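The model shown is predicted, which means the values in this text are computed figures rather than measured ones.
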Amino acid sequence: METARTEHEFDRTSADLAPDALKRLEAWLLLPEGDRAELIRGHIVYKTMASLEHGGAIIEIAGQLHRLQGPPGGGLGGWWLSQEVDMFLSGQGLRPDLVGWRVEKHPRPPQKVNVGPRHLGVYVTPPDWVCEVLSGSPRARAEADGAKWQAYFDAGVGHYWLVDLVREQVLVHRRSTKGYEPIEVAGRQSVKPLPP
């Protein structure tokens, strides 16, 4: 069974990064959050500006999941949840729309690690769940999303949700030995719980 990379292992890995790769990572982390950029295959890729529908979908999903936030005992609990955090996974600089770590695997919330001489913070602990809201042109999205899928898979992310605003549905994927397999589709009116 694969083991997830820990924050301490990143210290060694970041030192092993080629100088130009470390410069690209630092350049990405220095960008203002409002730039909505990711570091995909060594290039800074700008996401399209969020639409009202995109933001609304994130707010709606976050609202549904809020009751799961935090350690067990204070309600249903069991997840550390956040949105648009800077992550460095499998050599890619990612900023997923929503992200979660299971408390049972991570008793304390993941912490940012410092990168480079400016001590820029980035999360390197692979999450257990990622949610992306699809937006932008299909061609640009397909290229970037392919690299993101691979980075999430290589890092060991167990579940990957894609929210399709056009079809008004959530596609739930589970990590298998060969890739992500679709296991569930839920429409706007669906009331069933979705994995994980």
Side-chain angles (χ1 to χ4, degrees), residues 1-50 54 58 80-102 105-106 108-162 173-180:
M1 178 165 178
E2 289 183 33
T3 58
R5 177 172 291 171
T6 66
E7 291 138 5
H8 302 294
E9 291 171 350
F10 181 75
D11 295 335
R12 186 183 67 239
T13 305
S14 63
D16 293 340
L17 285 175
D20 58 330
L22 189 55
K23 278 185 185 177
R24 284 193 295 270
L25 178 58
E26 289 177 320
W28 171 63
L29 290 171
L30 282 169
L31 291 173
E33 280 190 36
D35 281 6
R36 296 183 44 80
E38 294 180 301
L39 182 65
I40 308 290
R41 294 188 176 124
H43 301 284
I44 293 176
V45 177
Y46 291 90
K47 295 168 131 182
T48 58
M49 292 306 292
H54 183 277
I58 292 171
W80 305 116
L81 300 167
S82 193
Q83 65 183 47
E84 294 199 351
V85 296
D86 292 336
M87 305 196 76
F88 188 68
L89 301 173
S90 302
Q92 311 298 327
L94 308 168
R95 190 177 283 161
D97 291 318
L98 294 163
V99 64
W101 293 264
R102 289 181 185 272
K105 287 173 63 178
H106 309 279
R108 293 182 307 181
Q111 300 296 309
K112 287 183 178 182
V113 297
N114 292 328
V115 175
R118 295 183 184 156
H119 303 293
L120 304 169
V122 65
Y123 290 93
V124 297
T125 305
D128 298 294
W129 166 79
V130 167
C131 176
E132 297 276 10
V133 177
L134 299 176
S135 58
S137 73
R139 177 189 284 175
R141 188 178 72 212
E143 183 176 335
D145 285 346
K148 289 163 73 169
W149 273 64
Q150 192 62 51
Y152 292 139
F153 178 79
D154 291 345
V157 175
H159 286 83
Y160 190 13
W161 288 10
L162 290 174
H173 297 83
R174 179 177 51 213
R175 188 177 190 277
S176 70
T177 56
K178 296 181 181 177
Y180 284 107

_Working for side-chain contact (heavy atoms from CB on, under 4.5 Å), residues L94 and I40_ = CA-CA 8 Å; L94 308 168; I40 308 290; 3.6 Å; yes
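Counting all heavy atoms, side chain and backbone alike, P96 lies closest to M87 at CG-SD, 4.0 Å. Scanning all heavy atoms of the two residues, the minimum distance from L29 to G121 falls at CD2-O, 3.8 Å. Residues P110 and Y123 approach most closely at O-CE2, 3.4 Å, considering heavy atoms. Smallest separation of non-hydrogen atoms from T177 and F153: O-CZ, 3.7 Å. What you find for P127 and L89 is that their closest heavy atoms are CD-CD1, 3.9 Å. Among all heavy-atom pairs drawn from A151 and S90, the shortest one is O-OG, 3.2 Å.
In terms of modelled atom types and a separation under 3.5 Å, the side chain of W101 and the main chain of T125 share a donor-acceptor contact. Side chain of D128 to backbone of G158: no donor-acceptor contact under 3.5 angstrom is found. A side-chain donor-acceptor contact under 3.5 Å links Q92 to the backbone of R41. Checked by atom type and distance alone, the side chain of R175 never pairs as donor or acceptor with a backbone atom of H159 at under 3.5 Å. Here the side chain of Q111 pairs a donor or acceptor atom with the backbone of P109 at under 3.5 angstrom.
Partners of W161 under the ring pair (Phe, Tyr, Trp, His ring centres under 6.0 Å) rule, at least two apart in sequence or in another chain, are W129.
Of the options V99, L98, D97, a side-chain contact (heavy atoms from CB on, under 4.5 Å) to E132 is made by D97 and by none of the others.
Taking 4.5 Å as the limit, every side-chain heavy atom of W149 sits out of range of all side-chain heavy atoms of V130. Annotation: side chain of L162 is in contact with side chain of H173 (closest heavy-atom distance under 4.5 Å). Residues L120 and L25 fail the side-chain proximity criterion, which asks for heavy atoms closer than 4.5 Å. Residues R24 and H43 form no side-chain contact, since every pair of their non-hydrogen atoms from C-beta on lies 4.5 Å or further apart.
Ring orientation note: the planes of Y160 and Y152 are nearly perpendicular, at an angle over 60° on the 30°/60° scale.
Q150 and Y180 are not linked by any side-chain donor-acceptor pair at a separation below 3.5 angstrom, with hydrogens and angles left out of the test.
With salt bridges taken as basic N to acidic carboxylate O contacts below 4.0 Å, one links R95 and D86.
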